[in-house]
Amino acid sequence: MSRPFRFAVNMLNAGTSAEWREKCRRAEALGYDVILVPDHLGMPAPFPSLVAAAEVTERPRVGTFVLNAGFWNPTLLAREVASTDQLTGGRLELGLGTGYVRAEHERAGLPFGSPRERVDHLERTITELTRLLADPEHCPAAAQSPRVPLLLGGNGNRVLRLAARHADIAAFTGAAADANGESRLITPDALAERVAAYQGFAAGRTGPAELNYLVHLVMPGADRRAKVREHLANAPGLTEDDLLAHPALLTGTVKDMAEQLRGHRERYGFTYFTVLEPALEAFAPVMEELRG
């Protein structure tokens with residue numbers, strides 16, 4: 001049996017306190033299962049935003065999507081994670097990644113490092129967080145036991161291996177970043193190969209992880225080809241047919257988009273889909289259609 005679908009919205013703008021709380025209430029009312037916050041300069045600070053989101057909602061879980069491990073000292077991060085899990089009533093899901101935007105590290109006065117160094121730091125962060133949060137003497141203590149659910153996002157083999165070993169949720173973007181953090185979509189076939197590589201690394205797990213996918217654009221409209229043509233220039237190396245088949249873009253009627261997600265569950269195993277805040281309202285009817 002496939003897992004049931006889960007849906008999240010990644011909030012990109014804070015606004016005022018009242019605006020933030022109203023958006024979170026709206027996400028709950030629309031049926032989102034998870035309210036997420038990214039970890040980029042110029043966007044909301046993740047942990048206080050999640051505490052505020054949990055204070056004005058009851059049902060959704062809250063999470064980071066995803067923390068830039070290069071911004072964080074593992075010991076200090078363990079304090080933030082445990083405190084946030086307590087203050088949200090055990091609703092936290094922790095998303096971690098290597099970080100991929102050089103300019104953000106430079107603005108923060110932090111080393112960007114090589115891909116190898118960034119993955120090394122991610123691995124150390126996971127190991128140390130696991131050790132600290134499992135320690136019964138750690139103060140503060142997280143609310144969830146044996147640990148806060150962990151999501152790992154990435155595309156390369158080393159990160160996929162880490163996800164296979166450690167993550168409760170493995171997240172895919174269908175994109176690859178160059179040395180400067182510029183991201184480009186890979187083809188649907190290349191994405192399928194990345195998922196297959198992960199599944200190979202995860203073959204020895206005692207239980208399967210949930211597979212997450214980040215939908216970049218939700219574009220309602222009857223003419224699906226016309227919609228994807230608008231974005232061909234932003235997807236070098238991909239064809240119209242590639243974009244029509246790609247889980248990064250949802251296009252068409254509500255029924256069309258629901259059918260696309262069913263197809264992506266069948267092909268890739270994705271059951272947990274994240275949309276970006278601009279699609280908050282447009283995606284809601286698709287969730288309703290899928291839940292039937």
Side-chain angles (χ1 to χ4, degrees), residues 2-15 19-38 40 43-44 49-50 53 56-66 91 93 95 151 153 169 171-175 183 185 188 191 210-231 234-235 243-292:
S2 295
R3 288 176 182 264
F5 284 114
R6 276 206 310 160
F7 303 106
V9 58
N10 203 25
M11 299 294 206
L12 307 180
N13 301 291
E19 289 168 342
W20 176 254
R21 286 165 167 78
E22 179 54 35
K23 283 194 296 190
C24 293
R25 292 188 191 100
R26 182 60 178 158
E28 179 173 37
L30 289 171
Y32 286 91
D33 299 294
V34 192
I35 296 170
L36 298 169
V37 178
H40 291 293
M43 294 185 183
S49 299
L50 296 177
V56 296
T57 60
E58 295 181 1
R59 181 186 51 80
R61 295 181 68 79
V62 296
T64 56
F65 195 81
V66 294
R91 290 157 65 186
E93 296 181 0
L151 175 151
I169 307 159
F172 296 82
T173 64
S183 186
L185 287 180
L191 174 59
E210 188 174 29
L211 301 190
N212 171 276
Y213 190 82
L214 171 62
V215 177
H216 298 202
L217 291 170
V218 177
M219 302 179 295
D223 190 338
R224 296 187 65 226
R225 285 194 177 274
K227 287 292 185 182
V228 300
R229 283 190 204 109
E230 296 172 11
H231 297 278
N234 300 320
L243 289 184
L244 285 168
H246 208 296
L249 284 75
L250 287 180
T251 60
T253 66
V254 168
K255 289 186 181 296
D256 288 336
M257 290 188 280
E259 193 56 34
Q260 288 163 58
L261 293 184
R262 291 188 188 100
H264 301 327
R265 179 170 64 179
E266 179 68 23
R267 181 176 188 187
Y268 303 104
F270 301 143
T271 58
Y272 175 16
F273 288 91
T274 299
V275 299
L276 299 175
E277 182 181 339
L280 176 72
E281 298 284 344
F283 187 66
V286 182
M287 295 191 293
E288 186 175 351
E289 174 73 18
L290 287 165
R291 288 167 173 157

If you round to the nearest 0.5 Å, how far is [atom2] of [Y] from [atom1] of [X]?
| X | Y | atom1 | atom2 | result |
| --- | --- | --- | --- | --- |
| K23 | L280 | NZ | CG | 8.5 Å |
| N13 | E277 | CG | CD | 5.0 Å |
| K227 | L244 | NZ | CG | 13.0 Å |
| R3 | T271 | CZ | OG1 | 6.0 Å |
| L250 | H264 | CG | NE2 | 6.0 Å |
| E93 | R61 | CD | CZ | 4.5 Å |

Within a strict 4.5 Å, meaning less than it, do heavy atoms of the [X] and [Y] side chains meet?
| X | Y | result |
| --- | --- | --- |
| H40 | L12 | no |
| R21 | R25 | yes |
| V286 | F273 | no |
| W20 | M11 | yes |
| R91 | T57 | yes |
| M257 | P220 | yes |
| R262 | L290 | yes |
| R267 | P188 | yes |

Using a cut-off of 6.0 Å, state whether more than 12 heavy atoms not belonging to E288 lie near its atom CD. no
Closest non-hydrogen atom pair between [X] and [Y], with its separation:
| X | Y | answer |
| --- | --- | --- |
| R224 | G252 | CG-CA, 3.6 Å |
| V56 | E28 | O-OE1, 4.2 Å |
| V37 | P44 | CG1-O, 3.8 Å |
| L36 | T64 | CD2-N, 4.3 Å |
| V34 | G63 | CG1-N, 4.3 Å |
| G269 | L211 | O-CB, 3.6 Å |

Qualifying residue, where the test is side-chain contact (heavy atoms from CB on, under 4.5 Å) with F283 and the options are L276, V218, T274: V218
Just do the side chain to side chain contact (heavy atoms under 4.5 Å, CB included) check on H216 and L185 with the steps written out, would you? CA-CA 10 Å; H216 298 202; L185 287 180; 3.7 Å; yes
Flag this pair as yes if the NZ/CZ of R265 is under 6.0 angstrom from the six-membered ring centre of F5 and inside a 45 degree cone about the axis; otherwise no. yes
Please confirm whether the backbone N or O of K255 pairs with a side-chain atom of E259, one donor and one acceptor, at under 3.5 Å? no
Answer yes or no: is there a donor N or O on one side and an acceptor on the other, between the side chain of D33 and the main chain of A8, under 3.5 Å? no
Of all residues at least two apart in sequence or in a different chain, which pass the ring-ring contact (aromatic ring centres under 6.0 Å, His included) check with Y213? F270
Run the ring-ring contact (aromatic ring centres under 6.0 Å, His included) test against F65 and tell me which residues pass, sequence neighbours left out. none
Begin with the C-alpha distance, continue with both residues' side-chain angles, and end with the deciding distance and a verdict on side chain to side chain contact (heavy atoms under 4.5 Å, CB included) for L217 and E230. CA-CA 12 Å; L217 291 170; E230 296 172 11; over 6 Å; no
